[in-house]
There are 2 protein chains.
Amino acid sequence: MDSAIALSLSTHCPQCALKNRCLPQHLDATALLRFDAIVQRSRPLRQGAHCFNAGDPFRSIYVVRQGAIKTYSMTEEGEEQVTGFYLAGDCFGFDGIHIQRHTNSAKALERSHLCEIPFEQLEQLCSAIPHLQHYAFQLASHQIVLEQKRMQLMGKRAADARVAYLLLDYIQRATHGNPQGEILLPMSRYDIANYLGLSVETVSRILSRLLAQGIIDLQGRRVKLLSLAGLRAQAHMDTAAPVRLLFPG
Amino acid sequence: MDSAIALSLSTHCPQCALKNRCLPQHLDATALLRFDAIVQRSRPLRQGAHCFNAGDPFRSIYVVRQGAIKTYSMTEEGEEQVTGFYLAGDCFGFDGIHIQRHTNSAKALERSHLCEIPFEQLEQLCSAIPHLQHYAFQLASHQIVLEQKRMQLMGKRAADARVAYLLLDYIQRATHGNPQGEILLPMSRYDIANYLGLSVETVSRILSRLLAQGIIDLQGRRVKLLSLAGLRAQAHMDTAAPVRLLFPG
DNA sequence: CGGGGGGTTGATAATGCTCAATATCGGTGG
DNA sequence: CCACCGATATTGAGCATTATCAACCCCCCG
């Protein structure tokens, strides 16, 4: 399975299985080659290794070719705050553009292959290829939209909805909308809790409840979705903001 | 005061008092003129008027010349979620680039003057002026960083710290780091609560407490900072989430 | 003068946190 | 191979922060 995926992950963009996920659709062959030429593919990051650390000078943005990355920042008190989980095809590192310095750290949750895209060269290419420039803006915009969605989650949803939403989102991303088989969560309960603004215990309890309700199958980090509808219901369910009937007059 | 500011807000970039806040520093005169040529300055938005609505096709990003804008999105259940408050010099609308359609609505909290920057033309200009392209990426990146900061706030901070942080941030932005005088909050308590993921009552109570503690002076939406140190202490204080480092693995 | 939106305050309840105990798992060394 | 250890995960009990409900005030505006 993993090897099958790996086989189609060529080291060059034109053959890469993910090119439709991390590159604009209608890029002509020449442009694709020029883009491919600036991409750097270093050897894989081992589990726990850092791609970059908060404070590092910003040089590149990154795309996950295989594996899973978590990004996190530190509050002034030195507590970690997980800012995102990135899977194959996902792009991260945009936080660094602003002050030319990363504000997050990025760490491999499992052995991961990345494509590094030096930003200065990308900018040059963007000037020459309007299509690519537009796509780069779209990627940054996507990051913004994702973060706003997450604010909705943290601001308005009860704990169970948050956990359900994360599971739903993760399973869909990891299986490309084919949420049947068993998947392995690469992140710890601590990471999940931190990401959702909850305590580990709460996350654990909610997962146990989802298991008891027959919505998921679960052992450790292995999850299997049993009831998509059930999980969806939990994700939307909002005990924190009850449905309030209003009188028509 | 307001009139004094207004006087220096020319309708054209080269003379605008805010040009150092919304444009890159080292833009040569020609580039500045070319940029100025694409900016549209329509008549002011009256209080409560919308700049755009969620779902509208994306055409432009906007800069606040004067006034205050709030952006908000809707959850699937139809609840509002405030995503940001924007003051003079601030730029908003980046959420729309991703799918060519706004995901937020933007509404004037008070009578506001905006500069509209048609995005297609901006992109063309960016291709020709590398400096401007870089700056546009920086702006988008800044938005990302701001939202990540807010996640820290919602994920890790207790209610009082959130309110204190908002006040601190708002006062500093509204006074340009001269946090002495009295300022007028343009947003309702509901907006503040919604933005921070709290209930109105909680926000009100915490403001009252800050007043009782002599940290701020407060009547309605009029606020005056009395103790910067005190407010800072409240903003950092973190009763809700104990210091707990995530595991190194 | 009445109505409504916005704001404050109080009482009560509950969601989710803290503390604490226990279970599981993976690796490591005897 | 087994014992042991640290890291991770689950579960229980009690409590605190914060939401909810309710009452009230204030001010603006028609």
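Small disclaimer: the values here were computed from a predicted structure and weren't measured. Numbered from 1 within each chain, the chains take letters A, B, ... in sequence-line order.
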Open item on the list: Could you tell me if the side chain of R157(A) sits less than 4.5 Å from the side chain of E77(B), heavy atoms only?
Closed with: yes

- [ ] For the residue pair D95(B) and F92(B), establish whether any side-chain heavy-atom pair is separated by less than 4.5 Å.
- [x] no

Round to a whole Å and report the spacing from [atom1] of [X] to [atom2] of [N].
X: Q47(B); N: dG5(C); atom1: CD; atom2: P; answer: 15 Å
X: Y190(B); N: dT20(D); atom1: OH; atom2: P; answer: 12 Å
X: L196(A); N: dC17(C); atom1: CG; atom2: P; answer: 11 Å
X: M154(A); N: dT18(D); atom1: CE; atom2: C1'; answer: 16 Å
X: K156(B); N: dT18(C); atom1: NZ; atom2: P; answer: 10 Å
X: E79(A); N: dC17(C); atom1: CD; atom2: P; answer: 14 Å
X: R157(B); N: dC17(C); atom1: CZ; atom2: P; answer: 16 Å
X: D160(A); N: dC17(C); atom1: CG; atom2: C1'; answer: 15 Å

Please determine whether a side-chain nitrogen or oxygen atom of [X] lies at a distance below 4.0 Å from atom OP1 or OP2 of [N].
X: S199(B); N: dA19(D); result: yes
X: S208(B); N: dT9(C); result: yes
X: S204(B); N: dT9(C); result: no
X: R221(A); N: dA9(D); result: yes

Task: H176(A) and R21(A) side chains, donor-acceptor separation under 3.5 Å - done: yes

Open item on the list: Could you check whether T103(B) and S73(B), counting side-chain N and O atoms only, form a donor-acceptor pair closer than 3.5 Å?
Closed with: no

- [ ] Please indicate whether R173(A) has more than 12 foreign heavy atoms, meaning atoms of other residues, nucleotides or ligands, lying under 6.0 Å from its CZ.
- [x] yes

Can you give me every donor-acceptor pair (side chain of residues 215-225 of chain B, partner residue at least two apart or in another chain, under 3.5 Å) with its distance?
from	atom 1	to	atom 2	distance (Å)
R221(B)	NH1	P186(B)	O	3.3

- [ ] Just jot down the ring pair (Phe, Tyr, Trp, His ring centres under 6.0 Å) partners of Y165(B), sequence neighbours excluded, or say none.
- [x] none

Open item on the list: So if I take every side-chain heavy atom of L198(B) and compare against dA19(D), dG16(C), dT10(D), which nucleotide ends up nearest?
Closed with: dA19(D)

- [ ] Record whether the side chain of R205(B) comes under 3.5 Å of the base of dG10(C) through a donor-acceptor pair of N or O atoms.
- [x] yes

Open item on the list: At less than 3.5 Å, do the side-chain atoms of Q219(A) and the base atoms of dC25(C) form a donor-acceptor pair?
Closed with: no

Open item on the list: Please compare E201(B) and V203(A) by the position of their nearest nucleotide in DNA chain C and report the one closer to 5'.
Closed with: E201(B)

Open item on the list: What's L207(B) touching, base or sugar-phosphate or nothing? Going by heavy atoms closer than 4.0 Å.
Closed with: nothing

Open item on the list: Tell me the bend of the helix from dC1(C)-dG30(D) to dG30(C)-dC1(D) as the angle between end helix axes, each from five pairs, rounded to the nearest 10 degrees.
Closed with: 30°

